[in-house]
Protein chains: 2
Amino acid sequence: MHNGCMIDPRLITLRVFARCGTVGATAELTGYSPSAVSAQLRELQRVLGMQLLTKDGRGVRLTATGRYLVAGSDTLVAEWERLRAAAMAAGDQVQSRFGLGGFSTAAAQLLAPLAATLRSTRPQLEVQVLEADPDRCFDLLVAERIDLAVIVAMQSDTYLEDDPRFEQTVLLDDPLDVIIPSDHPLASRETVTLEELASEPWITEAAGSTYHSLFTAAFTAVGVTPRIAHEAVEWETQIAFVGAGLGVGLLPRLAPLRSAENVVRLRITGKGKPARRIVAAVRKGSLASPLIQESLGILQVRANRILAARPEDDL
Amino acid sequence: MHNGCMIDPRLITLRVFARCGTVGATAELTGYSPSAVSAQLRELQRVLGMQLLTKDGRGVRLTATGRYLVAGSDTLVAEWERLRAAAMAAGDQVQSRFGLGGFSTAAAQLLAPLAATLRSTRPQLEVQVLEADPDRCFDLLVAERIDLAVIVAMQSDTYLEDDPRFEQTVLLDDPLDVIIPSDHPLASRETVTLEELASEPWITEAAGSTYHSLFTAAFTAVGVTPRIAHEAVEWETQIAFVGAGLGVGLLPRLAPLRSAENVVRLRITGKGKPARRIVAAVRKGSLASPLIQESLGILQVRANRILAARPEDDL
DNA sequence: GATAACCGTGCACAATGGGTGCATGATCGA
DNA sequence: TCGATCATGCACCCATTGTGCACGGTTATC
């Protein structure tokens, strides 16, 4: 959250703009109104004596100077985060506000317990959780709306291993299970291999999504080409499709099956064991912050507990 | 001048406080009122969630966390200066305000011409010159009141070769001349050695000052111990003392003799050729700024011209 | 080629933040 | 003990800054 950042908020706004490209989106992300963002950027140019923006069609675009400034500000922001974190650690203190972000499954399984734990151990800490897709999580990190995000690695196209703005920590590899109708011949099995399901009609996400890539990667690993019958966006939809007998699908271990009576979940064995990697992302430099460290520890414990709850599937 | 700095002004205030130690002095340096400084520091602690200050007698003192934060902020400020300078250079632009500081002789001989040149070449640039002793110049640099200072090296006790806050450039070595009464036996000479004046009554600054150190250093170089008859602070006073026949003294080449009729200035030859080193100091990171570069160039030209105007004394 | 949707910006107005000046309390030196 | 010095709290005030709405310009759609 925009909590004690010593960098001029207008520069932060510029950084957000550099990410999303439009004033309107910047306003939505930062919580300002569009006119405020416009005024801020204008004021920033005035006070810096630089031309940072140019009109471009019906929008505005960063100039070369603007891009240079934004790129260079990465180290500045990281340096401040590092300093704050170190000072916090040195003074044995934590900030008063803490913003968390993550996609739905992570929010439910990881962020909610984390928030609850922090709430009890640090009663005077304001914890806010924002559900958002990974891409938006990075936006929110840049906008200083959140301080820690739980995302699926490589889900975001803007995600880079060595992005100068972020640092990541692997929390766990969440294996994908198979969900099949309960009246399916294999429904009574404990585990199944992808080869056994090669001829089934598959339900997956649209091509281009992260899970679709995981999907194809898993099947190419075992050398078969699945037939994609249907597409769904939400897990719930996909589960409903499977329940309706439209086909079979993949469901992350962390995603709950809930009350889907006519759907069973099977572990995958064999070569192709698809999994999604769940990582925690923070602004670069903030990794040393006591609160971040504590949160990562809690998340790690939680992740390990999740993994340990199903020890049999790793064999 | 506090001109488009992207670092929170409250942190700058804290940095100034770290230098001078009292709220009142911080207020004077930053241009705020004491209550404003007090409120800023309190607000800073609140928003950062750190205790930075402790009561200490009738004043306040930095805590360990505070000192840590201030020390770490050096790189942050330097990083911003570097970024601004680079962006300015990349965009071929300069800031709109420019603050200069220096001690009296430098202000007259170097800063005034620099300000005049900048005023003509960049009409829309606000140039402000502040006369201040070197120590205060560093304060003003930290407080972002000025951007460039011309000082005598090692005059300030806070001056460090590798201070993480400043960068320096040698402008010139200003030789010290001898001033003697015009009715002195040596008054008709062009040059003189210190040995020849060893037995004269000397007029100098009080022990502990920079010029006093230069004074003693010069005489220890030639192996004689001068007799200090009188002490003066201002050059004008010292000249008046010499004119009154009270003794002889040292006067920097840059300091004008003006209308002192009964005083003559002689160059010093031989081993002990005392000189004061005049350097330009800027905030670390700002050296790449176009305006700083241009200013340093102008100062260097001016310094070379001063040296060239008296070419005979270097032999 | 007209119309609609979208994007950014300017303007009037309001509210919050932040600074000043003065008074007060506390501590140290004479 | 008295005065000087320092920081701080408080009332007031001003300036910055954000909002809401309207407008102009540009692109897409039919």
Side-chain angles (χ1 to χ4, degrees), chain A residues 1-49 51-63 66 70 96-97 139 143-145, chain B residues 1-49 51-63 66 70 96-97 139 143-145:
Chain A
M1 319 185 51
H2 42 89
N3 175 33
C5 181
M6 290 292 103
I7 312 295
D8 194 301
R10 294 169 296 190
L11 187 59
I12 304 295
T13 302
L14 182 73
R15 287 167 55 80
V16 177
F17 175 84
R19 269 190 68 84
C20 59
T22 74
V23 171
T26 307
E28 194 278 328
L29 277 168
T30 53
Y32 290 119
S33 68
S35 4
V37 171
S38 181
Q40 278 193 14
L41 296 179
R42 181 151 32 92
E43 191 61 13
L44 188 66
Q45 298 182 83
R46 195 193 63 78
V47 78
L48 255 54
Q51 186 172 356
L52 303 171
L53 303 171
T54 322
K55 284 190 163 178
D56 179 43
R58 59 180 164 185
V60 285
R61 183 173 41 86
L62 280 179
T63 64
V70 169
S96 58
R97 293 178 176 186
D139 288 340
E144 312 246 338
R145 289 276 296 277
Chain B
M1 320 185 50
H2 43 90
N3 176 32
C5 181
M6 291 292 104
I7 312 294
D8 194 301
R10 295 168 297 190
L11 187 60
I12 304 295
T13 302
L14 182 73
R15 288 168 54 80
V16 177
F17 175 84
R19 270 190 66 83
C20 58
T22 75
V23 171
T26 308
E28 195 278 329
L29 276 168
T30 54
Y32 292 119
S33 67
S35 4
V37 171
S38 181
Q40 278 192 13
L41 296 179
R42 181 151 32 95
E43 191 61 12
L44 188 65
Q45 297 182 83
R46 196 193 62 78
V47 78
L48 255 54
Q51 186 173 357
L52 303 171
L53 302 171
T54 322
K55 283 191 164 177
D56 180 42
R58 59 181 163 184
V60 286
R61 183 174 40 87
L62 281 179
T63 64
V70 169
S96 57
R97 293 177 175 187
D139 289 340
E144 314 243 338
R145 289 276 297 279

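Throughout, protein chains are lettered first and strands after them, A, B, ... in sequence-line order, and every chain is numbered starting at 1.
- Atom P of nucleotide C/dA26 and atom NZ of B/Lys55 are separated by 8 Å, given to the nearest angstrom.
- Between the side chains of B/Thr13 and B/Gln40, at least one donor N or O lies within less than 3.5 Å of an accepting N or O.
- Residue A/Arg15 comes nearest to A/Val70 through the heavy atom pair NH1-O, 3.8 Å, listed as atom of the first residue, atom of the second, then distance.
- For the residue pair A/Arg145 and A/Leu29, the shortest heavy atom distance occurs at NH1-O, 2.6 Å.
- Closest approach of B/Thr63 and B/Gln51 over heavy atoms only: OG1-O, 2.8 Å.
- Atoms CZ (A/Arg61) and P (C/dC7) sit 17 Å apart, rounded to a whole Å.
- With sequence neighbours left out, the side chain to side chain donor-acceptor pair (under 3.5 Å) criterion links B/Arg58 to no other residue.
- Using a 4.5 Å heavy-atom threshold, the side chains of B/Ile12 and B/Thr30 count as separate.
- One interatomic measurement links the two molecules: CG of A/Asp56 to C1' of C/dC7, which rounds to 12 Å at whole-angstrom precision.
- Contact footprint of chain B on DNA chain D: nucleotides with an atom under 4.0 Å from a non-hydrogen protein atom, first to last in 5' to 3' order, D/dA4 to D/dG9.
- Scored by the side chain to side chain contact (heavy atoms under 4.5 Å, CB included) test, A/Arg46 finds A/Glu43 as partners (sequence neighbours excluded).
- A/Leu14 and A/Leu62 get closest at one heavy-atom pair: CD1-CD2, 3.9 Å.
- Taking every side-chain heavy atom of A/Val23 into account, C/dG8 is the closest of C/dG8, C/dC28, C/dA5.
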Name every donor-acceptor pair, under 3.5 Å, that has one atom in a side chain of residues 31-38 of chain A and the other anywhere in the protein, sequence neighbours excluded.
| unit_1 | atom_1 | unit_2 | atom_2 | d |
| --- | --- | --- | --- | --- |
| A/Ser33 | OG | A/Ala36 | N | 3.3 |

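- With contacts defined as side-chain heavy-atom distances shorter than 4.5 Å, the pair A/Val23/A/Val60 qualifies.
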*For each nucleotide in nucleotides 12-23 of chain C, reading 5' to 3', give B when a protein heavy atom comes within less than 4.0 Å of its base, S when such contact involves only the sugar-phosphate, and - otherwise.*
-------SBBB-
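- Taken over five-pair windows at either terminus, the axes of the helix from C/dG1-D/dC30 to C/dA30-D/dT1 are inclined to one another by 30° (rounded to 10 degrees).
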